[in-house]
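In what follows, a structure is listed as structure tokens, so that the remarks can point back to it.
Quick note on labels: first sequence line is chain A, next is B, and so on, each numbered from 1. Fair warning: this is a prediction, and the values are worked out from it, not measured in the lab.
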2 protein chains.
Amino acid sequence: MKDLRGKLSRSIRNKEMVLLVCNCRVDYSGRAVSALGWGDRLVLIKPDHTVLVHKPDGRNPVNWMAEGSNIEVEESDGSLIIICDSVNPREHMVVTVRKVYSLESNKLKDGEVLVSAGSEADMARMIYENPSLIGESFKPVRLEEQTKHGFIDVLGAEGSVLTVVECKRYKAGLGAVQQLRRYVERLQKSKGVMKVNGVVAAPSITKNAMNMLGDWGYRFVVVEPPMYLDLDKSEQRRLEDY
Amino acid sequence: MKDLRGKLSRSIRNKEMVLLVCNCRVDYSGRAVSALGWGDRLVLIKPDHTVLVHKPDGRNPVNWMAEGSNIEVEESDGSLIIICDSVNPREHMVVTVRKVYSLESNKLKDGEVLVSAGSEADMARMIYENPSLIGESFKPVRLEEQTKHGFIDVLGAEGSVLTVVECKRYKAGLGAVQQLRRYVERLQKSKGVMKVNGVVAAPSITKNAMNMLGDWGYRFVVVEPPMYLDLDKSEQRRLEDY
DNA sequence: ACACCAAGCAGCAAT
DNA sequence: ATTGCTGTTTGGTGT
């Protein structure tokens with residue numbers, strides 16, 4: 001274990017990406033507490049001092065420390081002990097390694113950034129630019145207004161009545177209707193007007209949410225999120241082209 | 001690349017955990033669309049066919065496929081091409097690898113499951129068992145009741161008045177108050193009673209949420225989530241003992 | 001720093 | 001399978 005400890009410490013200090021496949025146990029305390037008994041896992045230490053412990057299944061790490069953690073490697077009783085600490089939030093994770101299957105590290109270079117589309121913001125933009133998606137008389141006024149007390153996706157008017165549009169890129173649930181209700185009520189209060197229209201714009205809506213929508217006199221409009229990448233900032237290619 | 005393709009395919013078929021450190025690009029389409037240019041990354045393929053692409057920083061994978069995806073490995077123009085597909089939701093991810101820094105795989109065995117404490121459910125249980133945390137006259141009735149129209153953390157009574165308690169393990173925000181409001185209103189409607197008490201139980205609460213709470217006649221009670229593990233199911237040890 | 005909200009949220013439980 | 005909701009949510013943005 002001694003040389004392993006040295007190699008590990010050196011790789012971390014050297015800002016390499018470390019892959020440690022091992023049998024280990026993990027103890028965590030901080031925002032919660034947890035214990036994980038002995039088993040085979042991947043311990044991934046990134047150059048930014050993010051530490052991830054992955055079980056052989058699932059998308060998420062079973063334990064982790066956010067970037068910037070302090071990492072110490074010790075050796076005791078033939079075990080490798082990886083101690084991670086962070087302040088704000090104060091967190092502590094200890095990985096005790098009793099068997100190493102493989103340890104390797106690489107210096108990685110990656111300057112690229114993910115380009116993606118299909119978010120709720122993209123949807124809001126699409127509605128702003130194509131107001132008829134909401135209704136014949138809908139005239140958009142403001143896009144993605146983040147105010148002190150909420151975030152209105154699209155604000156517009158139908159005739160002389162203000163209309164709040166809440167977008168959801170997936171099936172709208174109770175939460176979406178509640179959000180809409182909050183924004184509508186705030187507008188009514190702040191503007192001192194009785195009537196404000198509320199619209200949920202989403203590809204679909206759950207039954208309960210639809211009922212709640214009706215109870216409050218709001219309406220639902222089917223809108224699909226736009227799925228194309230703006231790769232060249234000029235030429236947009238539809239998803240299906242790929 | 002040819003032998004690499006064989007090794008990779010074999011490891012995947014063999015349900016091993018595959019670690020591929022490489023220079024690659026990634027294209028994804030499904031719930032959204034994304035493109036990621038050339039760079040050095042870790043491609044992690046788990047036995048359950050979860051696929052994760054990790055950049056050298058950050059906690060989350062930059063691209064991924066959920067467990068159970070179909071994975072094909074091809075070779076073209078000296079590049080390794082990993083094609084992942086899933087139905088429901090229909091998703092597609094292609095990792096094009098032009099340079100392999102390392103490729104290894106291991107058969108992992110991990111039967112352990114994470115034991116943790118400090119969740120909202122733990123909080124609700126604590127309140128149920130220590131009702132005075134909410135108030136002198138609070139008598140708990142039901143714990144974590146999932147009704148058709150919402151999920152009530154703790155339901156109780158103060159005198160002859162029903163009381164709904166909404167727990168948050170962290171600082172309570174507007175969402176918590178709205179949730180509470182929905183449950184209270186539903187109860188009032190279904191039971192046909194005028195008065196139902198509402199309580200937000202959390203370590204702290206935001207200013208806006210506190211105001212909203214007052215507007216609706218609800219109250220806030222300071223409660224910290226319980227941070228101890230029930231390791232033996234009999235003997236509880238406090239976090240600080242470790 | 002705080003507050004609020006979206007996420008290709010993921011994962012879980014109950015319907 | 002759908003619905004609703006928590007999470008050591010993470011991550012981003014505006015105040």
Side-chain angles (χ1 to χ4, degrees), chain A residues 26 28-34 50 57-67 86 88-93 114 116-124 144-153 166-176 178-179 182-183 204-209 225 227 239, chain B residues 28-34 50 58-67 86 88-93 114 116-124 144-153 166-176 178-179 182-183 204-210 225 227:
Chain A
V26 187
Y28 162 81
S29 68
R31 288 171 290 180
V33 270
S34 74
T50 301
D57 51 66
R59 198 204 85 121
N60 285 328
V62 62
N63 283 111
W64 71 93
M65 292 287 283
E67 66 167 323
S86 84
N88 207 328
R90 195 162 137 45
E91 290 182 296
H92 185 65
M93 182 176 79
L114 188 75
S116 65
S119 69
E120 199 174 287
D122 293 323
M123 244 178 111
E144 295 217 275
E145 183 168 33
Q146 179 141 26
T147 66
K148 213 177 337 193
H149 299 298
F151 181 93
I152 295 180
D153 289 332
E166 174 60 33
C167 302
K168 288 294 161 199
R169 61 182 311 290
Y170 46 87
K171 186 179 278 205
L174 292 172
Q178 272 196 293
Q179 243 176 344
R182 192 169 78 218
Y183 302 147
S204 61
I205 189 167
T206 66
K207 204 165 176 312
N208 285 336
M227 298 277 264
L239 162 61
Chain B
Y28 162 81
S29 68
R31 288 173 290 181
V33 270
S34 74
T50 301
R59 198 203 86 117
N60 284 328
V62 62
N63 282 112
W64 71 93
M65 292 289 283
E67 64 166 325
S86 83
N88 208 328
R90 193 161 139 46
E91 291 183 295
H92 185 67
M93 182 176 79
L114 189 74
S116 65
S119 69
E120 199 174 289
D122 294 323
M123 251 179 107
E144 298 215 273
E145 182 171 33
Q146 177 134 33
T147 67
K148 211 178 332 189
H149 298 299
F151 183 92
I152 297 179
D153 289 333
E166 173 61 35
C167 303
K168 289 294 162 200
R169 63 180 311 288
Y170 45 87
K171 186 180 279 207
L174 291 173
Q178 275 210 294
Q179 242 177 344
R182 191 171 78 217
Y183 304 148
S204 61
I205 189 167
T206 66
K207 206 164 174 312
N208 285 332
M210 193 64 201
M227 298 277 264

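Distance check on atom P: C/dC4 versus C/dG8 gives 23 Å, rounded to whole Å. Comparing D/dG11 with C/dG11, their P atoms sit 15 Å apart, to the nearest whole Å. Of the C1' atoms belonging to D/dC5 and D/dT9, the separation is 12 Å, rounded to the nearest Å.
Where stacking is scored as ring centres under 5.5 Å apart with planes under 30°, A/Tyr28 registers as stacked on the base of D/dT8. Both geometric conditions, a ring-centre gap below 5.5 Å and a plane tilt below 30°, are fulfilled for A/Trp64 over the base of D/dT8.
To the nearest angstrom, C1' of C/dA7 lies 12 Å from CZ of B/Arg59. One can place CD of A/Glu91 at 13 Å from C1' of D/dG7, the figure rounded to the nearest angstrom. Between the C1' atom of C/dC2 and the NZ atom of B/Lys171 lies a distance of 7 Å, rounded to the nearest Å. A straight line from CE of B/Met227 to C1' of D/dG7 spans 14 Å, rounded to a whole angstrom. Look at CG on B/Leu174: it is 13 Å from C1' on C/dC2, rounded to the nearest Å. Computed from coordinates, the B/Asn88 CG to C/dA10 C1' distance equals 15 Å when rounded to whole Å. C/dA13 atom C1' lies 14 Å from atom CD of B/Glu120, rounded to whole Å. When the C1' atom of D/dG7 is taken as reference, atom CZ of B/Phe151 falls 14 Å away, rounded to whole Å.
Remark: DNA chain C takes part in the stems C:1-7 with D:9-15, C:9-15 with D:1-7, each of 3 or more antiparallel Watson-Crick or G-U pairs, criterion distances under 3.5 Å.
Each of A/Ala172 and B/Ser116 has a nearest nucleotide on DNA chain D; the 5'-most of these lies closest to A/Ala172. Where B/Gly118 and A/Ile205 meet DNA chain D, the nucleotide closest to each residue was compared, and A/Ile205 sits on the side nearer the 5' end. Two residues, B/Ala209 and A/Leu114, neighbour DNA chain C, and the one matched to the more 5' nucleotide by heavy-atom proximity is B/Ala209.
Phosphate proximity of C/dA3 to B/Lys207: absent, as no side-chain N or O sits under 4.0 Å from OP1 or OP2. Phosphate contact (OP1/OP2 of C/dA10, side-chain N/O of B/Arg31, threshold under 4.0 Å): present. OP1 and OP2 of C/dC2 both lie 4.0 Å or more from every side-chain N or O belonging to B/Thr206. In terms of phosphate contacts, B/Asn60 brings a side-chain nitrogen or oxygen within less than 4.0 Å of OP1 or OP2 of D/dG11. A sub-4.0 Å separation between OP1 or OP2 of D/dT6 and a side-chain N or O of B/Arg169 is absent. Within the 4.0 Å cut-off from OP1 or OP2 of D/dC5, at least one side-chain nitrogen or oxygen of B/Arg182 is found. At the phosphate of D/dT8, neither OP1 nor OP2 sits under 4.0 Å from any side-chain N or O atom of A/Asn63. Residue A/Gln179 has a polar side-chain atom (N or O) positioned under 4.0 Å from OP1 or OP2 of C/dA6.
Between B/Thr50 and A/Arg59, the shortest heavy-atom distance links the atoms CG2-CA, 3.9 Å. Shortest non-hydrogen contact noted between A/Gln178 and B/Gln179 is NE2-N, 4.1 Å.
Residues satisfying the side-chain hydrogen bond (donor to acceptor under 3.5 Å, both in side chains) criterion with A/Thr206, sequence neighbours excluded, are absent altogether. Listed by chain and residue number, A/Ala117, A/Ser119, A/Arg125, A/Pro226 satisfy the side chain to side chain contact (heavy atoms under 4.5 Å, CB included) test with A/Asp122 (two or more places apart in sequence, or in another chain). Residues passing the side-chain hydrogen bond (donor to acceptor under 3.5 Å, both in side chains) test with A/Ser86, sequence neighbours excluded: none. Considering only residues two or more places apart in sequence or on other chains, A/Glu120 meets the side chain to side chain contact (heavy atoms under 4.5 Å, CB included) condition with A/Asp153, A/Glu166, A/Cys167, A/Lys168. Listed by chain and number, the residues in a side chain to side chain contact (heavy atoms under 4.5 Å, CB included) with A/Ala66 amount to none (sequence neighbours excluded).
Closest to the B/Tyr170 side chain, of the nucleotides D/dG4, D/dT9, C/dG8, is D/dT9. Considering only the side chain of B/Ser119, D/dG7 comes nearest among D/dG7, C/dA6, C/dG8. Proximity note for A/Tyr183 (side chain, C-beta onward) versus D/dT6, C/dC5, C/dA3: the nearest is C/dC5. Of the candidate nucleotides C/dG8, C/dA6, D/dT6, C/dA6 has the atom nearest to the side chain of A/Lys168.
For the atom pair NE2 (B/His92) and CE (B/Met65), the distance works out to 8.5 Å, reported to the nearest 0.5 Å.
Looking at heavy atoms from C-beta onward, A/Asn63 lies in side-chain contact with B/Leu114 at the 4.5 angstrom threshold. Between A/Tyr28 and A/Glu91, some side-chain heavy-atom pair lies under the 4.5 Å cut-off.
Note on A/Glu67: nothing from the nucleic acid sits closer than 4.0 angstrom, heavy atoms only. Residue contacts for A/Gly175: at a heavy-atom cut-off of 4.0 Å it reaches no nucleic acid atom on any strand shown. Among the atoms of the strands shown, only primed sugar atoms or phosphate atoms (P, OP1, OP2) are found under 4.0 Å from some heavy atom of B/Glu166.
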